[in-house]
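None of these values were measured; they are calculated from a predicted model.
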Amino acid sequence: MTKDTKSILIKVLITLLISAAVFFVPFEALGVPVNSVQVSVIALFVFAALMWILEPIPIWATSVMVIAICLLALSNKAFNFLRPVASYDKDAVCAIIRDVVGQNGAANQQSVKDPQKDGSIKWITPLQKIEKDVNERLTKKGKFNEEEFYTSMNYVILNTANKAESIAAKALAEGAADNSATDYATAAEEANTPEALSKNISYQQQLAIDLKDATVKLVDKDLQKRIKSLASHSVNLMNSKNTMATFADPIIILFLGGFFLAAAATKYGLDQNLARVLVRPFGTNPKLVMLGLMVVTALFSMFMSNTATAAMMIAILTPVLKLIPGSDKGRIAIALCIPLGANIGGMGTPIGTPPNAVAIKTLQSLDLNVSFGKWMAIGVPYVILLLFFAWLVLMWMFPFKIKELKLDIGGVFRKDFHALVVYATFIITIFLWVTADIKIPGVFNGWGVDSNTIAIIPIAAFAVTGVITAKDLKLLEWDVLWLVAGGFALGVALEETQLAKDLINAIPFSSWSFFALMMGACFISMFAATFMSNSATAALLMPILGTVAGGMMHAGSMSGPDAAGLMVAVAFSTSLAFALPISTPPNAIAYATGVVPQSAMAKSGVVLCLIGFTLAIVMSYMLINVGFFS
């Protein structure tokens, strides 16, 4: 057995032992009542966190494993021998229905047909039929939460009332003679058969009135508390379809559209040609050349993979680095400006880096939507400020001795059909993304599509025209998509097993300070991303923070704009992984040149992390106060 194999096995063993220990934690004694399925979800979170931190297997593989565990062991389509039992208190449901409908009203005074599975007919009261239909609907839905309990009861009772009205109206239309009884009880006594009574107009009209009054009672505060208690004692499983859907979530399609744009730009030389054009205005002054390189790298990383952008720019710089004397600290600055530009630039757009996409997905789960254009309105100013500070820090720490630095970037703009398709699609897609939310009263009411839908344009255009071929598809960063999908699956697990709501009810979020929460969440995100993938950090922490934000919103200690500002600040903080070669692939690429000592990366990285951390909090706080997220 090799040393690497032993290391992997030890990491996996540690992960499994700690994850298994979760099942022995006395949650009830700690004031957090959770059921068996929810404990399994907590164990899954611990498992994912340790696998992402220790990384015995690639982080994307851990995400795929998380989704597999959700499907095979925690969903409604799991293996029979692994599947937990979803359950709720049927007697409690019937008790609520009886109290709402009333046991002495029309619903309990007559019989209706209830076809049996064997083809026979059973006569039961409308009240009993309502109880049966509600429980059948809940069982079919397989979703035992507060909203579904209320919806099912309201739907079945109201549907029964509408049927009663329909029967009465039909009887009147057919000229049926209603008996002279003024109340349905007397009518019931005069009816000779259940069938005759079921057509009694007075009875059906009174039944409809009683049931519609019952639906109004459902909003009674005491009944709402009983429904809430019923939900909190129910055991829910994950829905397999929703879990599978994480692989094709709209945010995944948004990212895939970005990958198609990036792949086409690289294939047809658009990236290098733009780099040549954009860097030229910065002249030959080493300080300004470095600024130009940072700006160009940041611009590319807004729409391309940070890793691909860094690799391309380092390749362009490799000949230049050899021309700078080894004694000149400016060499370090030039090499470091690329990973900094790539990491910072990715914060500018929703598709720039996975944490942004995870943040947007989390906000959507809270019914808060931040569009592509709105994210850029926040992200681009943040990127510009942080780039400027990064440029100042690099010049301060690693000053240039040389007075002139020339970059020779080759390439020409292609003019063949495929290249023109790439240029046109780039312009159209980015234009639509940026302007999707722009509305001019009486003139322009937006495009009517969201950013996720717009992302299908480059996918379709490049596939149909042959810009991207089957061979190119194999080179796309599918691992990033699967990594993000794993984070979405954890969010689904939190929501559908009701662990999120139970945690919200168990923790007094109303007493928390919003500013303290933002500071703590941003620092934890930044610190964790320094030692593990920023994508994995976001996938792990965002669903939890979404739960916390939801709880504080419910308790009234946080508003929707506050939650949006929190998620944006955390997303930015998660991308502040500047200090170590292992923090991000761009850092590793720069370190691999041999020009950047680890100590130099750490010193500049720590300073910029603190600056970026402060900027993220100050900007988000200011935007909240000026009503930007309202």
Side-chain angles (χ1 to χ4, degrees), residues 253-282 292-316 338 341-342 345-346 348-353 371-373 375-377 379-380 383 407-438 444 446-447 449-477 480:
I253 302 303
L254 176 64
F255 248 75
L256 188 59
F259 288 170
F260 266 71
L261 287 174
T266 302
K267 184 176 180 180
Y268 291 90
L270 180 59
D271 48 7
Q272 280 199 329
N273 287 319
L274 284 176
R276 176 169 52 85
V277 172
L278 294 172
V279 171
R280 187 179 298 162
F282 291 90
L293 289 170
M294 294 178 76
V295 169
V296 171
T297 304
L299 184 62
F300 285 164
S301 67
M302 289 184 185
F303 301 97
M304 293 174 58
S305 154
N306 296 351
T307 306
T309 300
M312 178 192 75
M313 296 302 291
I314 287 289
I316 291 172
I338 300 303
T349 65
I351 63 171
T353 186
S371 66
F372 199 102
W375 185 281
M376 286 191 70
V380 172
V383 166
L407 292 181
D408 184 18
I409 304 175
V412 292
F413 280 99
R414 293 174 54 173
K415 298 178 181 178
D416 56 275
F417 170 72
H418 284 159
L420 293 175
V421 169
V422 173
Y423 305 155
T425 306
F426 243 94
I427 294 170
I428 292 170
T429 304
I430 294 173
F431 174 76
L432 290 175
W433 270 337
V434 173
T435 61
D437 282 343
I438 294 177
F444 179 67
W447 298 109
V449 292
D450 59 17
S451 303
N452 307 324
T453 306
I454 293 168
I456 207 71
I457 293 174
I459 298 174
F462 294 158
V464 170
T465 58
V467 168
I468 297 296
T469 64
K471 185 178 180 181
D472 298 323
L473 284 177
K474 297 176 183 178
L475 303 177
L476 295 182
E477 295 181 270
V480 174

Point to revise | Pairs touching residues 452-466 that satisfy side-chain hydrogen bond (donor to acceptor under 3.5 Å, both in side chains), sequence neighbours left out | key: Asp450-Thr453
**Study point:** From CD1 (Ile468) to OH (Tyr268), nearest 0.5 Å
**Key:** 7.0 Å
Practice item. Evaluate the criterion side-chain contact (heavy atoms from CB on, under 4.5 Å) for residue pair Lys267 and Val467; output intermediate values, then yes/no. Key: CA-CA 9 Å; Lys267 184 176 180 180; Val467 168; 5.5 Å; no
**Study point:** CG-OG1 distance between Asn306 and Thr297, expressed to the nearest 0.5 angstrom
**Key:** 10.5 Å
Review point. What is the minimum heavy-atom distance between Trp375 and Gly348, and which atoms define it?
Key: CD1-O, 3.6 Å
Revision key, fill the gap. One should read off an interatomic distance between Phe426 CZ and Leu261 CG, to the nearest 0.5 angstrom, of 4.5 Å
Check your understanding: What is the distance from atom OG1 of Thr309 to atom CD1 of Ile338, rounded to the nearest 0.5 Å?
Key -> 10.0 Å
Point to revise | Closest non-hydrogen atom pair between Gly346 and Ser301, with its separation | key: N-OG, 3.2 Å
Practice item. For residues Pro458 and Gly257, report the shortest heavy-atom separation together with the two atoms involved. Key: CG-O, 3.9 Å
Check your understanding: What is the minimum heavy-atom distance between Trp433 and Ser451, and which atoms define it?
Key -> NE1-O, 3.0 Å
Exercise for review: Have a look at Thr425 and tell me which of Ile427, Ile428, Val421, Val422 forms a side-chain contact (heavy atoms from CB on, under 4.5 Å) with it.
Suggested key: Val421
Point to revise | Nearest-0.5 Å distance that lies between atom CD1 in Ile253 and atom CZ in Phe259 | key: 11.5 Å
Review point. Which word best sums up how the rings of Phe303 and Phe372 line up, parallel for under 30°, tilted for 30 to 60°, or perpendicular for over 60°?
Key: parallel
Practice item. Please report the shortest heavy-atom distance between Val383 and Ala298, naming the atom on each side. Key: CG1-CB, 4.4 Å
Practice item. Please list all pairs passing the salt bridge (Lys or Arg N to Asp or Glu O under 4.0 Å) test where one or both residues lie in residues 415-435, with sequence neighbours left out. Key: Arg414-Asp416
Point to revise | Ile351 versus Gly258, closest heavy-atom pair with distance | key: CD1-CA, 3.8 Å
Exercise for review: May I ask you to check whether Thr469 and Asp472 show a side-chain donor-acceptor distance below 3.5 Å?
Suggested key: yes
Practice item. Might you work through the side-chain contact (heavy atoms from CB on, under 4.5 Å) test for Ile430 and Met302, ending with a clear yes or no? Key: CA-CA 11 Å; Ile430 294 173; Met302 289 184 185; over 6 Å; no
